[in-house]
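Reading through the structure tokens given below for one structure.
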Amino acid sequence: MSSFSDDDAFEAAAAPQPSLSQQAMQARGAPYLDGLNVAQREAVETLDGPVLMLAGAGTGKTKALTCRIAHLLGTGRARPNEILAVTFTNKAAREMKSRVAALTGHVEGMPWLGTFHAICVKLLRRHAELVGLKSNFTILDTDDQLRLLKQLIAASNIDDKRWPARMLAGIIDGWKNKAWTPAQVPVGEASAFDGKGVALYSAYQQRLKDLNACDFGDLLLHMVTIFQTHEDVLAQYQRWFRYILVDEYQDTNVAQYLWLRLLAQGHKNICCVGDDDQSIYGWRGAEVGNILRFEKDFPGAHVVRLEQNYRSTGHILGAAAGVIAANKGRLGKTLFTEGEDGDQVRLIGHWDGEEEARWIGEEIESMQRGTRGNAALPLNAMAILVRASHQMRAFEDRFLTIGLPYRVIGGPRFYERMEIRDAMAYFRLAVSHDDDLAFERIVNTPKRGLGDKAVQTIQTTARSNGVSLVEGARLAVEGGLIKGKGGKALAELVQRLDRWHRQLREEADTHVEMAEMILDESGYTGFWQNDKTPEAPGRLENLKELVKALENFENLQGFLEHVSLIMDNAQEEEDDKVTIMTLHAAKGLEFPAVFLPGWEDGLFPSQRSMDESGLKGLEEERRLAYVGITRAEKLCTISFAANRRVYGQWQSQMPSRFIDELPSEHVEVLTPPGLYGGGYGAAGMGAEANPASMGMTSNLHQKAADANVYNSPGWRRLQARSQQRPVSQPLESRTMVIDMTATSSFTTGDRVFHQKFGYGEVMEIEGDKLVIEFDKAGEKKVVAKFVVSAAAADDVPF
DNA sequence: AAGTCCTGGTTTTTT
DNA sequence: ACCAGGACTT
């Protein structure tokens with residue numbers, strides 16, 4: 001159990017207000033106010049009444065936010081535990097904490113600085129009984145949630161093919177984001193999920209209550225419910241939180257908005273920071289409307305605009321401004337810089353996605369050498385920002401081929417990996433035998449000969465006796481209901497669970513030793529050791545890391561409490577590598593050089609987004625474009641391809657409509673926009689690469705013509721290629737892709753290139769497996785079920 | 001109960 | 001093209 005020692009002074013008398021002269025004195029000598037610009041200073045020093053800080057990209061909003069906190073503390077306006085400061089991500093919370101600490105010199109404190117979810121957990125643990133939970137409730141992850149929903153769907157005789165659990169999870173999440181309890185779902189939603197959505201939602205909430213659990217959405221929803229139905233509880237917190245600060249306000253959903261509004265009604269000292277132009281999470285419930293409506297919601301609000309940008313050059317800001325200007329209903333900001341104009345944003349069209357990757361690879365290498373009249377840049381200074389994660393593949397393939405170090409951000413997070421979840425389920429079960437979901441997860445992992453039927457027997461036994469699944473399993477074993485190998489294994493499992501539980505209580509061993517023992521005795525470690533698939537060693541590595549992470553906690557329970565809210569994965573930053581990530585993942589980051597590939601209609605803006613959300617969707621895509629461009633400090637390169645393979649099919653592409661919105665004075669056109677394979681329907685042979693045939697009226701065409709780009713060698717090469725090569729064939733390929741089932745194509749001594757491990761040499765051939773010694777690590781690996789391309793060592797494929 | 005084949009779906013992602 | 005989950009087979 002977490003202790004509440006940091007806020008036990010909750011009901012203590014209010015802090016005495018310092019006199020004005022005292023404030024002025026303290027403020028004068030306040031080092032944290034140095035170096036703020038006029039707007040930032042206004043945002044920091046306006047302490048009475050609601051404040052909306054409209055902070056454009058790169059305008060120093062975190063600085064303003066942290067200085068405001070320092071100022072509140074420095075002037076004695078509030079004590080650290082009277083300030084509520086909420087962020088969306090753990091990363092942002094960490095950053096704010098450390099910056100406040102650096103400004104004020106107090107390392108700890110600020111117990112109420114955290115993510116919405118972390119703060120809600122803290123609150124909900126104190127008031128859980130008001131929504132029918134116990135204080136030690138567990139927080140379900142998405143897997144548990146889905147397993148539960150699947151059971152409910154199966155129980156209500158719905159065709160789970162047409163109505164999958166994932167869809168229901170999405171619907172329920174959406175409702176929770178809107179702060180609708182089952183009773184509050186409006187009648188207009190009655191047809192959701194084959195008309196049974198609301199009933200299933202209600203059943204789901206009941207199941208959660210029975211399990212003493214809640215999901216992520218509940219953390220907020222329950223707190224909103226409590227605040228709405230228990231005036232005394234609300235009043236207590238309204239009194240306590242003298243100042244409220246909110247980061248990324250444009251990303252708040254309805255539930256978060258209600259939560260904030262309820263809390264802010266006490267002192268009305270709420271300061272929201274956000275940028276309506278950077279709202280890119282509408283698809284997961286964020287309401288830009290919240291920030292647009294701020295002045296209505298909080299009468300007397302003071303709006304401060306941070307418009308001086310410290311990140312990007314003039315041309316980059318100009319290009320970004322041109323794109324975002326096409327959106328309607330903005331609050332409006334005009335970013336400016338006192339720095340240089342710098343290089344124009346570059347725009348280049350390519351024949352296909354592979355050529356785009358090839359060109360960007362070369363460009364990165366040349367920037368690394370410092371050509372183009374710019375200083376040499378380390379790879380860490382460069383990023384490729386894509387719309388959809390499948391675009392990353394082309395770059396990975398290419399960079400592996402030329403040996404360019406890269407780092408991919410995103411993908412499955414550490415705590416979402418299968419092996420980590422399995423291990424956690426064992427830990428959860430050892431701590432509490434009541435955790436039915438954890439039991440279901442691991443009962444047959446590793447394989448114990450317990451199939452659907454055995455699991456069903458356990459479930460019915462448990463239900464008819466009104467006990468948990470572990471107890472049900474015990475009864476089933478004792479009653480001889482499960483026979484043979486499975487029965488034996490189950491008996492053993494139950495026995496071990498008992499012993500682990502006892503040992504945890506007795507604290508005979510440290511929790512780290514216990515964790516290792518649990519993984520060992522359960523057979524889970526052995527399960528992966530015996531697995532010969534190439535990912536098995538990585539999984540074992542992850543398990544080791546998990547055990548190592550345990551060392552930072554007092555006990556297993558404490559670890560489990562924290563982990564459910566921290567889905568971060570730490571990235572090693574010290575290596576010099578190019579970063580590849582999605583535009584969404586790039587929000588809040590900055591890089592000297594940014595590449596924005598794949599600017600093609602349908603891909604970016606995404607067709608699906610436009611289909612599903614129409615103009616609203618398009619505007620969000622446009623904000624994404626804005627976010628992308630404004631990540632760049634010095635160099636920004638936008639590109640598109642005329643042809644792209646989509647789900648294995650070649651498709652001719654239209655340049656993104658956003659390209660036409662780029663103001664030409666801020667753009668350097670390397671090849672003309674409008675390059676695409678002869679228009680729609682003509683994908684295939686000899687597509688025209690002549691701007692005259694494209695019917696595009698981009699303001700950039702003339703510019704391209706003026707620059708004589710159409711006569712440039714690059715353009716001629718494109719034209720020549722377009723005439724030679726059918727679209728359905730890869731451009732030029734010297735790598736031969738060989739399926740490992742055809743090992744006969746190899747002989748020992750062959751040089752090979754592997755997508756994951758790089759270059760190597762075939763040492764032995766064993767049936768359908770190759771034993772390859774890879775150059776890089778000098779280690780031998782048995783490779784099976786992998787695609788290997790043949791490549792001569794001296795002939796690096798281009 | 002476990003291994004193999006087939007089908008459908010494929011934007012973005014935090015907590 | 002590629003993956004995951006479910007139906008189907010052993």
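In what follows, every chain begins at residue 1, and chains take the letters A, B, ... in the order their sequences are listed.
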Describe the nucleic acid contact of [X] in one word from base, sugar-phosphate, nothing, applying a heavy-atom distance below 4.0 Å.
| X | value |
| --- | --- |
| Y647(A) | base |
| L450(A) | sugar-phosphate |
| S606(A) | base |

Tell me which nucleotide among [options] gets nearest to the side chain of [X].
| X | options | answer |
| --- | --- | --- |
| R393(A) | dT15(B), dC2(C), dA1(C) | dC2(C) |
| R387(A) | dA2(B), dT12(B), dC2(C) | dT12(B) |
| R284(A) | dT14(B), dT12(B), dT15(B) | dT14(B) |
| T89(A) | dT14(B), dG6(C), dT12(B) | dT14(B) |
| A388(A) | dT12(B), dA1(C), dG6(C) | dT12(B) |

### Query
Is the backbone of R448(A) close enough, under 3.5 Å, to the side chain of N444(A) for a donor and an acceptor to pair up by distance?
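Present.
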
In this structure, how many angstroms lie between the [atom2] atom of [N] and the [atom1] atom of [X], rounded?
| X | N | atom1 | atom2 | result |
| --- | --- | --- | --- | --- |
| E620(A) | dT13(B) | CD | P | 13 Å |
| L385(A) | dT12(B) | CG | P | 14 Å |
| L221(A) | dT15(B) | CG | P | 20 Å |
| K453(A) | dA2(B) | NZ | P | 14 Å |
| H117(A) | dT13(B) | NE2 | C1' | 12 Å |
| M392(A) | dT13(B) | CE | C1' | 12 Å |
| E248(A) | dT13(B) | CD | C1' | 14 Å |
| D452(A) | dA1(B) | CG | P | 7 Å |

### Query
With no hydrogens and no angle check, do the side chains of E600(A) and S656(A) hold a donor and an acceptor under 3.5 Å apart?
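Side-chain D/A pair, E600(A) to S656(A): absent.
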
### side-chain hydrogen bond (donor to acceptor under 3.5 Å, both in side chains) evaluation trace for N290(A) with T252(A)
CA-CA 7 Å; N290(A) 289 345; T252(A) 48; 3.1 Å; yes

### Query
Do we see F216(A) stacking on the base of dT14(B), given a limit of 5.5 Å between centres and 30° between planes?
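So no, this residue does not stack on that base, at least one cut-off failing.
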
### Query
Would W283(A) count as stacked on dT12(B) if the rule is ring centres under 5.5 Å and plane angle under 30°?
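Aromatic stack with dT12(B) present for W283(A).
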
### Task
Measure from NZ or CZ of K178(A) to the centre of the six-membered ring of W175(A) and say whether it is under 6.0 Å with the direction within 45° of the ring axis.
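Judged by the rule (NZ or CZ under 6.0 Å from the ring centre, within 45° of its axis), K178(A) is not positioned above W175(A).
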
### First of L624(A) and F116(A) reached from the 5' end of DNA chain B, by closest nucleotide
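Whichever sits nearer the 5' end wins; that is L624(A).
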
### Message
Quick check: on DNA chain B, is the nucleotide nearest R448(A) upstream (toward 5') of the one nearest S609(A), or the reverse? Name the residue that is more 5'.
### Response
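Of the two residues, R448(A) wins.
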
### Minimal non-hydrogen separation, A169(A) against L146(A), with atom names
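Looking at all heavy atoms of both residues, the shortest contact is CB-CD2, 4.1 Å.
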
